[in-house]
Amino acid sequence: MCRRPEWRASSPATRRSPAGRSAGPVRLVSVDPKTRNRIMAGALVLMFVLVAVAAALGK
């Protein structure tokens, strides 16, 4: 079976919608680096807590 280069076989489920894409990475220039580090550390601790709770409930 021979396909023409301009024909793309893609279903609607595999097509990417431009609405789902972001313009680019979010820049946190105005945030103080110390504050940013605290936020990231808090997020990391929260992830560990969620994993620990999920493991405890899974037993």
With sequence neighbours excluded, what pairs up with Val45 under the side chain to side chain contact (heavy atoms under 4.5 Å, CB included) test? Val49

Once side chain to side chain contact (heavy atoms under 4.5 Å, CB included) is applied, do any residues pair with Leu44, and if so which ones, sequence neighbours excluded? Met47, Phe48

Measuring from atom CZ of Arg38 to atom CG of Asp32, what distance do you get when rounded to the nearest 0.5 angstrom? 8.5 Å

